[in-house]
Amino acid sequence: MARHLITSALPYINGIKHLGNMVGSMLPADVYSRYLRRRGHDVLYICATDEHGTPAELAAKERGLPVDEFCAQAHDAQKAVYDGFALDFDYFGRSSSAENREITQHFARKLNENGFIEERAIRQVYSPADGRFLPDRYVEGTCPHCGYDKARGDQCENCTRVLDPTDLIEPRSAISGSTDLEVRETKHLFLLQSKLQHEVEEWVARHEQDWPQLASSIARKWLTEGLHDRAITRDLDWGVPVPADTWPELAAEGKVFYVWFDAPIEYIGATKEWADQDPQNRDWKSWWYEADDTVRYTQFMAKDNVPFHTVMFPATELGVREPWKKVDYVKAFNWLTYYGGKFSTSQKRGVFTDQALDILPADYWRYFLIANAPESDDSSFTWEHFTATVNKDLADTLGNFVNRVLSFSRKRFGDEVPAGGAPGEAEARLGEEIAGLLAEYENQMEALQFRKAASALRALWSAGNSYLEEKAPWLEIKTDKDAAALTLRTAMNLIHLYAVVSEPFIPTSAAAMRAAFSLPDDTATWTTREEATSLTSLPAGTPFTVPPVLFAKLTDEDLETYKARFGGQPA
């Protein structure tokens with residue numbers, strides 16, 4: 001089987017992420033990883049917190065904590081939420097790790113040796129009150145375009161216009177609030193992306209036909225506009241330091257690498273973190289170095305991260321002139337909105353992942369988000385849509401099927417799967433239908449079409465309900481007990497099949513369905529076409545229990561409660 005390396009965009013350390021962040025990277029990566037593992041592939045799913053940059057320092061200052069302590073606490077808080085969502089990372093690292101520092105500095109040295117880094121003097125805002133140069137985000141003021149008075153020196157969050165600190169009206173230091181600012185000359189390192197333009201174009205051209213239109217169009221747009229040399233250092237106290245053996249003057253000044261230079265390298269760094277925990281049995285380089293022919297690498301991200309992963313990081317890897325693994329497939333997502341408006345971490349608008357888990361178990365969210373993933377265009381979260389999806393698909397279609405089959409069988413036949421007669425025409429039709437729907441589900445998962453995969457999974461669940469309505473065992477038992485037993489045994493086989501193949505979407509509920517049956521040596525990770533057609537994996541006589549209700553139906557009162565707490569429209 002193939003080896004699959006999977007990464008999802010690193011969640012920034014500054015705050016708990018909202019549902020849009022979850023569905024745009026980590027959750028679909030987890031669903032895909034789980035699916036591949038169950039199909040027998042060797043999978044390594046790597047992620048990490050992105051811990052460097054101005055917002056981390058500002059957030060730590062606001063909390064009154066040293067930045068390293070703040071990041072350690074925030075990492076643990078985020079990891080707890082991801083555990084709550086049952087994200088099955090092989091490793092969830094930290095970009096502030098020693099491993100990432102080592103590899104980032106190695107990349108920088110190699111880029112410099114190959115002529116792709118240049119030291120340049122630039123003019124930058126300096127704050128005498130703070131005694132330091134201010135990175136763009138450390139300068140705040142009023143946006144000249146929309147009048148928003150908390151715009152940052154790199155971008156106005158209100159109108160999203162890209163800014164320069166000198167554009168701001170009444171600029172001030174985000175550290176001290178001082179308005180006594182000057183523009184002084186300082187030196188920074190620049191990555192000469194312009195010299196790598198043609199190589200990046202050739203690399204993208206070899207891959208873009210396989211990527212989703214969203215990913216390829218964004219990459220092509222950046223390349224058409226031309227790659228510009230980019231400053232890759234900043235004046236910060238927190239970050240990967242510029243190595244003194246290569247740039248002693250800049251190192252003495254305390255320069256660190258720009259977060260968007262070291263963050264993608266952390267995919268490699270986190271893999272080394274993972275390997276360093278068990279070096280006798282884990283080889284991180286086999287996944288990343290000279291691995292083009294042995295590893296298929298898939299990245300998951302929202303569209304705002306696409307340029308960095310399809311242009312900037314590949315340029316970095318190409319410029320190093322070493323055989324580092326580059327991405328094979330970029331799965332890009334559009335935005336999930338909240339009633340048509342933006343989720344906002346800073347303005348706390350929308351549903352955040354920790355709040356979601358306070359309301360309902362993870363499987364409710366996992367299924368809804370993947371079934372409505374913003375793949376071809378933006379999709380909108382509304383409480384009305386969420387409630388309707390949970391009730392129709394999870395509570396009525398799957399949950400009700402499981403409960404009524406097991407409850408009715410237990411009431412009429414006891415605590416073991418009944419035998420009944422031989423399968424007939426209805427069971428043969430059902431088996432062919434289930435096999436066909438399973439193949440469709442597999443095809444969509446292989447193609448990373450998550451909404452279509454969810455639709456196929458939903459159709460599998462619906463097929464069981466249709467079969468049950470057709471056979472009506474509650475009527476059969478009045479005239480033909482064996483026929484009713486056959487129907488229930490077939491339906492229980494469907495429940496076991498659902499438990500196996502639904503695991504990537506709803507792992508906790510799938511485990512509960514599977515645990516309902518005391519089937520010896522139940523080691524199946526997937527269902528073959530033959531097993532789907534025959535529906536005999538669960539033999540008569542297998543003990544079973546009726547699990548608690550898998551999915552509670554949401555009421556109108558629940559809907560109003562959620563809307564009152566979070567609002568029925570964006571602020």
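All residue numbers in this chain count up from 1 along the given sequence.
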statement: With sequence neighbours left out, the residues meeting side chain to side chain donor-acceptor pair (under 3.5 Å) with Thr536 are Ser534
message: Holding to ring pair (Phe, Tyr, Trp, His ring centres under 6.0 Å), I want the full list of residues that pass it with Tyr91, two or more places apart in sequence or in another chain.
response: none
- prompt: So, the side chain of Ser407 versus the backbone of Arg404: is there a donor-acceptor pair under 3.5 Å, distance only?
  reply: no
query: Restricting to pairs with a member in residues 531-569, which pass ring-ring contact (aromatic ring centres under 6.0 Å, His included), not counting sequence neighbours?
result: Tyr364-Phe551, Trp383-Tyr562, Trp383-Phe566
task: To the nearest 0.5 angstrom, please state how far the OG1 atom of Thr310 sits from the NZ atom of Lys221.
output: 12.0 Å
Donor-acceptor pairs under 3.5 Å, side chain of residues 510-519 to any protein atom, not counting sequence neighbours: which ones?
unit_1: Arg514; atom_1: NE; unit_2: Asp522; atom_2: OD2; d: 3.1
unit_1: Arg514; atom_1: NH1; unit_2: Ala524; atom_2: O; d: 3.0
unit_1: Arg514; atom_1: NH2; unit_2: Asp522; atom_2: O; d: 3.4
unit_1: Arg514; atom_1: NH2; unit_2: Asp522; atom_2: OD1; d: 3.0
unit_1: Arg514; atom_1: NH2; unit_2: Ala524; atom_2: O; d: 2.5

statement: The ring pair (Phe, Tyr, Trp, His ring centres under 6.0 Å) partners of Tyr12 (sequence neighbours excluded) come to none
- line: Hits for salt bridge (charged side-chain N to carboxylate O under 4.0 Å, His left out) against Arg529, two or more places apart or cross-chain, chain-then-number order -> Glu432
task: Please identify each residue that fulfils side chain to side chain donor-acceptor pair (under 3.5 Å) with Asp482, with sequence neighbours left out.
output: none
query: Under 3.5 Å, side chain of Thr224 to main-chain N/O of Arg220, donor-acceptor pair present?
result: yes
- prompt: What pairs with Tyr45 under ring pair (Phe, Tyr, Trp, His ring centres under 6.0 Å), at least two apart in sequence or on another chain?
  reply: Phe89
message: Let me confirm one number: the CG-OH distance from Leu27 to Tyr32, rounded to the nearest 0.5 Å.
response: 15.5 Å
- request: State plainly whether the residues Arg296 and Glu446 are in salt-bridge range, i.e. N to O under 4.0 Å.
  value: no
- prompt: Any Lys/Arg nitrogen of Lys471 or Glu427 sitting under 4.0 Å from an Asp/Glu carboxylate oxygen of the other?
  reply: yes
task: Drop me the distance from Leu394's CG to Arg458's CZ, to the nearest 0.5 angstrom.
output: 9.5 Å
Using a 3.5 Å cut-off and no angle test, enumerate the donor-acceptor pairs between side-chain atoms of residues 299-307 and protein atoms at least two apart in sequence or in another chain.
unit_1: Gln299; atom_1: NE2; unit_2: Tyr297; atom_2: OH; d: 2.6
unit_1: Lys303; atom_1: NZ; unit_2: Asn334; atom_2: OD1; d: 3.4
unit_1: Lys303; atom_1: NZ; unit_2: Asp378; atom_2: OD1; d: 3.3

- prompt: Roughly how far apart are Asn372 CG and Leu19 CG, rounded to 0.5 Å?
  reply: 11.5 Å
task: Under the side chain to side chain contact (heavy atoms under 4.5 Å, CB included) rule, collect the residues that match up with Asp396, sequence neighbours excluded.
output: Lys553
statement: Across all chains, not counting sequence neighbours, the ring pair (Phe, Tyr, Trp, His ring centres under 6.0 Å) partners of Phe401 are Tyr498
- request: To the nearest 0.5 Å, tell me how far Ser509 OG sits from Asp363 CG.
  value: 3.5 Å
message: Using the rule side-chain hydrogen bond (donor to acceptor under 3.5 Å, both in side chains), only one of Tyr441, Trp461, Tyr367 pairs with Ser502; which is it?
response: Trp461
query: Within the side chain of Lys285, is there an N or O that forms a donor-acceptor pair under 3.5 Å with the backbone of Asp283?
result: no
message: Return the CG to CZ distance between Leu406 and Arg410, rounded to the nearest 0.5 Å.
response: 9.5 Å
- prompt: Can you name the side chain to side chain donor-acceptor pair (under 3.5 Å) partners of Asp278, sequence neighbours left out?
  reply: Asn281
